[in-house]
Amino acid sequence: MNLFANIRELVVAELEALMAEGVLPKGLDLSGVAVEPPRDAGHGDMATNAAMVLAKPAGMAPRAIADALAGRLMEDPRVAGADVAGPGFLNLRLEPVAWQGLVRAILLDGTAYGRSQLGQGRKVNVEFVSANPTGPMHVAHARGAVVGDALAALLSYAGYDVTREYYINDGGGQVDVLARSAFERYREANGLSPEIAEGLYPGDYLIPVGMALKAKYGTSLLDQPESVWLADVRTLSTEMMMAMIREDLAALGVKMDVYSSEKALYGTGQIEAAIERLKALGLIYQGVLEPPKGKAPDDWEAREQTLFRSTQFGDDQDRPVQKSDGSWTYFAPDIAYHYNKVGRGFDELINIFGADHSGYVKRLKAVVSALSENRVTLDIKLIQLVKLLKGGQIVKMSKRAGTFVTLRDLIDEVGPDVVRFVMLTRKNDVALDFDFDKVTEQSKDNPVFYVQYANARVNSILRKARAEASLDVSDAALSASHLSHLAHEAELGVIKKLAEWPRLVEIAAKGNEPHRVAFYLYELASDLHGLWNRGNDDDSLRFLQPDSAISTAKIALARAVGVVICAGLGILGVTPVEEMR
RNA sequence: GCACCCAUAGCUCAGCUGGAUAGAGCGUUGCCCUCCGAAGGCAAAGGUCGCACGUUCGAAUCGUGCUGGGUGCACCA
């Protein structure tokens, strides 16, 4: 149930009736008519811009339209008032019974309250993390992982058919470097001293790989040239790295539906087919790129390469798909991979990338739009950096100095719930400060705690009601309570916030912006805490009352808040705790 | 040099895809606990939404041009 959508339907129906009666000209486009919460609560419960958007096409004064509409809306039992205000807004006030009915609806729907048909089952692929399989995940990956996972959950809640996907970059030079690094650890496992040259991965996490290599190959590879062992060592190393990454993801509560391998694209003809397709569209040609402007590298030389015409899509320059020696660049398998996704029938593709991939956006969008003949949209969310703060100091991270913080370190220190929630308290395109001191603090400054605490309070009310008053607080019993007892403006205010939830889900899903859910939950928690605190001064606003009928109604409201918080935390992937310790 | 992102209260940030008097937390100031739901609560002050034009009934939001900050820019993925 979406109260705003319901009232919008009412408004549209009345506008259509006015057209049928000839009060308004026929055939007006009503798609711009919106019913929204007013910014200022003093203006009523809902506002519609109908009169203003229709004034011009109807050739009428906004006021005349608003007056006619107001008269008709007043006949609906849910509508208590309809006032024309400002430049032509129609402000609606709803009868308390409309709000009280919403509490019942929430209790009956459970966490499905707020689910939307917005997506209409359209197939969406969310590709995220896609960290190179050369080491454990670190904090830079964590934000992308959380945002991608929450976005996937949000879209699923909003009625899309969602696939979570990880693209394994196991086809390029970096996995050869991995293999060479692992080989040194293999030598080490056999009692030789490893020579970890500049450019190899020095991390300890490769020691188990060296031991595994020894277990599998014994000493047989030691005196062999690289050409003999490289492929085998690479395969085993990437498998072990991916196993580690999967564990890291699992620790964060992220579960992928599909892992796609770059390497698996080679030798299948998929790359060639994708390039052929682009060639048929006239987007591939042999050519020489201009030297880069601004900075002039000394070693620049003209090279004839196979190029993709991405300038045709607004990119600064065309992009090579083949190196001068004829082998593929990293871009080529990426083209094939996206062609593959298009071929799997997705209607929308979403990629979650680190901000350092910003230069990659235009060419990928170009590829998807060309390969799908504009059928499929690609939205790329760039995730800005996370700055770690500890004791007011920036935690400096450097792979070379070995001081980078792994995702696992982060989870071990503050727990997955805190990591997930905090990573969602910013828009993706804004840098995020992750302050260890703040996020573990139990106070109002800490949004994680604040939202969790609201849910814990709801559960505490339920526990008390059961234990001390022996009330039946099942959702069925609560939904059958006399909700007319919820008449105070403070209580109705909380219900109004609950009414915004389905609307918020749709707004967040339309913009692929899961952070909106986190902010909404904070506001809802704040409203619940506010109502709770008013119980300090005004006994009649306490949730537990001497009269069990009144008590049940108030508990129903608290429970409805708990339901929505659980629904929201479910999208964010954060555990709703029942009790604060 | 080019591209992308950011700029809103002293600080950290929201802001419903163009709506009415721009919001929250922190900080500041002032009130409120012998007891009852204070790991707190109530209230106040605090703004040229970086600047300038433009689009229209209406702009923090859209467009153009600036200014300042970040990131990335030829066979690395």
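Throughout, protein chains are lettered first and strands after them, A, B, ... in sequence-line order, and every chain is numbered starting at 1.
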Taking atom C1' in both B/rG27 and B/rA9, what distance in whole Å separates the two? 11 Å

Students often get this wrong, so: under 4.0 angstrom with heavy atoms, is A/F543 touching a base, only sugar-phosphate, or nothing? base

B/rA24 base stacked by A/Y522? Criteria: ring centres under 5.5 Å, plane angle under 30°. no

C1' atoms of B/rU55 and B/rC62, separation to the nearest Å: 8 Å

B/rG54 - base-pair partner by Watson-Crick or wobble geometry, distances under 3.5 Å: B/rC62

State the pairing partner of B/rA38; accept Watson-Crick or G-U wobble contacts with both distances under 3.5 Å, and report none otherwise. none

Centroid distance under 5.5 Å and plane angle under 30°, A/H357 vs B/rG72: no

Taking only the side-chain heavy atoms of A/D433 (C-beta and beyond), determine which of B/rA74, B/rU12, B/rG41 contains the nearest atom. B/rU12

At under 4.0 Å between heavy atoms, what does A/A85 touch on the DNA or RNA strands: base, sugar-phosphate, or nothing? base

Donor-acceptor pair under 3.5 Å, A/S324 side chain vs B/rC75 base: yes

Salt bridge check, A/K341 against A/E165: does any charged N sit closer than 4.0 Å to a carboxylate O? no

Calculate the interatomic distance between A/R503 atom CZ and B/rU17 atom C1'; express it in whole Å. 11 Å

Which glycosidic conformation, syn or anti, is assigned to B/rC33 if syn requires a torsion within 90° of zero? syn

Separation of A/E523 atom CD from B/rA24 atom C1', in whole Å? 8 Å

In the strands shown, is B/rA24 matched to any nucleotide by a Watson-Crick or G-U wobble pair with both distances under 3.5 Å, and which? B/rU12

For B/rG72, which nucleotide is its Watson-Crick or G-U wobble mate, given both distances must be under 3.5 Å? B/rC2

In terms of the angle between their ring planes, are A/Y330 and A/Y360 parallel, tilted or perpendicular, with boundaries placed at 30° and 60°? tilted

Please classify the nucleic acid contact of A/G511 as base, sugar-phosphate, or nothing, using heavy-atom distances under 4.0 Å. base

Which part of the nucleic acid, if any, lies within contact of A/F89, taking any heavy atom under 4.0 Å across all strands shown: a base, the sugar-phosphate backbone alone, or nothing? base

For atom P, what is the distance between B/rC31 and B/rG68, given to the nearest Å? 47 Å

Does the pair A/E489/A/R534 count as a salt bridge with the N-to-O cut at 4.0 Å? yes

Tell me whether the side-chain N/O atoms of A/H529 come closer than 4.0 Å to OP1 or OP2 in B/rA24. no

Could you tell me whether the phosphate oxygens of B/rG15, OP1 or OP2, come under 4.0 Å of any side-chain nitrogen or oxygen in A/K427? yes

Taking the six-membered ring of A/F331, is the NZ or CZ of A/R319 close enough (under 6.0 Å from the centre) and on axis enough (within 45°)? no

If the P atom of B/rC57 is compared with that of B/rG50, how far apart are they to the nearest Å? 25 Å

Tell me which nucleotide among B/rC4, B/rA20, B/rC75 gets nearest to the side chain of A/Q305. B/rC75

Pairing nucleotide - B/rU29, Watson-Crick or G-U, each distance under 3.5 Å: B/rA43

Does A/R426 make a side-chain N or O approach to OP1 or OP2 of B/rC13 shorter than 4.0 Å? yes

Does a side-chain N or O from A/K323 land closer than 4.0 Å to OP1 or OP2 of B/rA77, or not? yes

Quick note, A/A47 side chain, CB onward, closest among B/rC75, B/rA20, B/rA77 is B/rA20

Regarding A/N91, tell me which of base, sugar-phosphate or nothing describes its non-hydrogen contacts under 4.0 Å with the strands shown. base

Look at A/R516 and B/rG15 and indicate whether a side-chain polar atom (N or O) is within less than 4.0 Å of OP1 or OP2. yes

Can you measure A/K365 atom NZ to B/rA3 atom P for me and round it to whole angstrom units? 16 Å

For the P atoms, the ones on B/rA60 and on B/rA7, what distance do you get once it is rounded to whole angstrom? 15 Å

If I pick the P atom on B/rA44 and the same atom on B/rA22, what distance separates them, to the nearest angstrom? 16 Å

Across the strands shown, which category fits A/G173 at heavy-atom distances under 4.0 angstrom: base, sugar-phosphate, nothing? sugar-phosphate

Quick one: classify the glycosidic conformation of B/rU17 as syn or anti, with syn meaning within 90° of 0. syn

When you measure from the side chain of A/R363 to the backbone of A/G359, do you find a donor-acceptor pair of N or O atoms at a distance under 3.5 Å? yes

P gap between B/rC2 and B/rC66, integer Å: 9 Å

Report the residue (A/L531 or A/L432) whose heavy-atom-nearest nucleotide on RNA chain B is the more 5′ of the two. A/L432

Which residue, A/N169 or A/R542, contacts RNA chain B at a nucleotide closer to its 5' end, judged by nearest heavy atom? A/R542

Just say parallel, tilted or perpendicular for the rings of A/F449 and A/Y453, cut-offs at 30° and 60°. parallel

Could you give the CE-to-P distance, from A/M52 to B/rG18, as a whole number of Å? 14 Å

Are any of the side-chain nitrogens in A/R542 or A/D539 under 4.0 Å away from the carboxylate oxygens of its partner? yes

A/L307 CG to B/rC75 P, in whole Å, measures 11 Å

A/K497 bridged to A/E500 by N-O distance under 4.0 Å: yes

Taking pairing as Watson-Crick or G-U wobble with both contacts under 3.5 Å, can you name the mate of B/rA7, or confirm there isn't one? B/rU67

Tell me whether the side-chain N/O atoms of A/K56 come closer than 4.0 Å to OP1 or OP2 in B/rC57. yes

What's the gap between B/rC13 and B/rU71 when it is taken at their P atoms, as a whole Å value? 16 Å

With a 3.5 Å cut-off and heavy atoms only, can you find an N or O donor on one side and an acceptor on the other between the side chain of A/R303 and the base of B/rA74? yes

